[in-house]
Amino acid sequence: MRRPEFFSHPALIGPRKWRWLLALTMVVVLVLSLLPQNVPMPSTGWDKSNHLLAFATLGGLGCWSWPGRLRFVLPALLAYGGLIEVLQSLTPDRSAEFEDLLADAIGLLIGAAIAAFVASRLRRA
């Protein structure tokens, strides 16, 4: 039995554009994550919600970049979050926290769920 493809609507076809946007977003997240904390940057006001928002965005873009490959994309993006935490532990102004990685994981799931919802709505339209 074939599983339904959530991300196959014509508006979402063309993963190349999503892959470029995903790569750009990953660079922006990395830079913002490694900037010294005294540098003004966009924020939701709470560190964990910053992680949720960033990784929900990455999760959604990852779903649209590689349709049907969620079991590879989401763990890879979570590993990216782990890499950021390791790099933060090596910077003088930042520190690594397991709670940040947990917020990243929750954000990825939220982003994937939103992407699936949008794709299903577009399929019905």
Side-chain angles (χ1 to χ4, degrees):
M1 182 168 152
R2 186 177 168 159
R3 288 183 287 171
E5 179 55 58
F6 291 110
F7 307 102
S8 62
H9 187 272
L12 302 176
I13 303 266
R16 182 175 292 162
K17 67 181 173 187
W18 297 115
R19 290 176 186 166
W20 279 106
L21 191 54
L22 175 63
L24 177 63
T25 305
M26 289 175 75
V27 169
V28 169
V29 168
L30 178 66
V31 169
L32 290 174
S33 297
L34 297 178
L35 282 174
Q37 290 183 336
N38 60 357
V39 173
M41 65 180 96
S43 175
T44 62
W46 183 43
D47 179 53
K48 303 310 175 241
S49 62
N50 291 337
H51 284 266
L52 279 170
L53 180 60
F55 278 81
T57 303
L58 292 175
L61 291 173
C63 290
W64 289 342
S65 295
W66 283 279
R69 308 244 170 142
L70 255 53
R71 71 180 116 162
F72 302 109
V73 172
L74 296 181
L77 289 170
L78 186 58
Y80 179 70
L83 173 66
I84 289 173
E85 292 303 314
V86 169
L87 293 174
Q88 283 183 337
S89 73
L90 302 174
T91 62
D93 294 341
R94 298 288 186 148
S95 61
E97 295 180 17
F98 176 76
E99 291 82 7
D100 289 348
L101 194 59
L102 182 59
D104 295 348
I106 294 169
L108 288 170
L109 295 175
I110 290 170
I114 291 171
F117 175 76
V118 168
S120 71
R121 300 300 280 178
L122 288 173
R123 254 196 337 271
R124 291 181 186 155

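Counting from 1, the numbers follow the sequence of the chain as shown.
- Remark: Asp47 CG to Leu52 CG distance equals 10.0 Å, nearest 0.5 Å.
- Put simply, OG1 on Thr25 and CG on Leu61 are 5.0 Å apart, with the number rounded to the nearest 0.5 Å.
- Residues Val27 and Leu32 share a single hydrophobic cluster, defined by chaining ILVMFWY side chains whose heavy atoms lie under 4.5 Å apart.
- For the pair Asn50 and Pro42, the minimum side-chain heavy-atom distance is 4.5 Å or more.
- Here the straight-line distance linking atom CD of Glu85 with atom NE2 of His51 works out to 5.5 Å at 0.5 Å rounding.
- Shown here for Val73 and Cys63, the closest heavy-atom pair between the two residues is CG1-N, 4.4 Å.
- Rounding to the nearest 0.5 Å gives a distance of 4.0 Å between CG of Leu30 and OH of Tyr80.
- Minimum heavy-atom separation, Gly81 to Phe55: CA-CZ, 3.6 Å.
- Residue pairs that meet the salt bridge (Lys or Arg N to Asp or Glu O under 4.0 Å) test with at least one member in residues 24-46, sequence neighbours left out, do not exist here.
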### Task
Just do the side-chain contact (heavy atoms from CB on, under 4.5 Å) check on Leu101 and Asp104 with the steps written out, would you?
CA-CA 5 Å; Leu101 194 59; Asp104 295 348; 3.9 Å; yes

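- Annotation: side chain of Leu58 is in contact with side chain of Met26 (closest heavy-atom distance under 4.5 Å).
- Atom CG of residue Leu74 and atom CZ of residue Arg69 lie 13.5 Å apart, to the nearest 0.5 angstrom.
- Within the model, atoms CZ of Arg19 and CH2 of Trp64 stand 15.0 Å from one another, a figure rounded to the nearest 0.5 Å.
- Val28 and Leu83 fall into different hydrophobic clusters, where Ile, Leu, Val, Met, Phe, Trp and Tyr are joined by side-chain heavy atoms under 4.5 Å apart, directly or via other members.
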### Task
Assess whether side-chain contact (heavy atoms from CB on, under 4.5 Å) is satisfied between Leu35 and Met41, documenting all intermediate values.
CA-CA 9 Å; Leu35 282 174; Met41 65 180 96; 3.8 Å; yes

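- The side chain to side chain contact (heavy atoms under 4.5 Å, CB included) test applied to Pro36 returns Asn38, Val39, Asp93, not counting sequence neighbours.
- Contact of the Phe117 side chain with the Ile114 side chain is not registered, since no non-hydrogen atoms from C-beta on lie closer than 4.5 Å.
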### Task
Could you give me the CA-CA distance, side-chain angles and deciding distance for Ser33 and Gln88, then say whether side-chain contact (heavy atoms from CB on, under 4.5 Å) is met?
CA-CA 7 Å; Ser33 297; Gln88 283 183 337; 3.6 Å; yes

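- Looking at residues two or more places apart in sequence or on another chain, you find a side chain to side chain donor-acceptor pair (under 3.5 Å) between Glu97 and Lys48.
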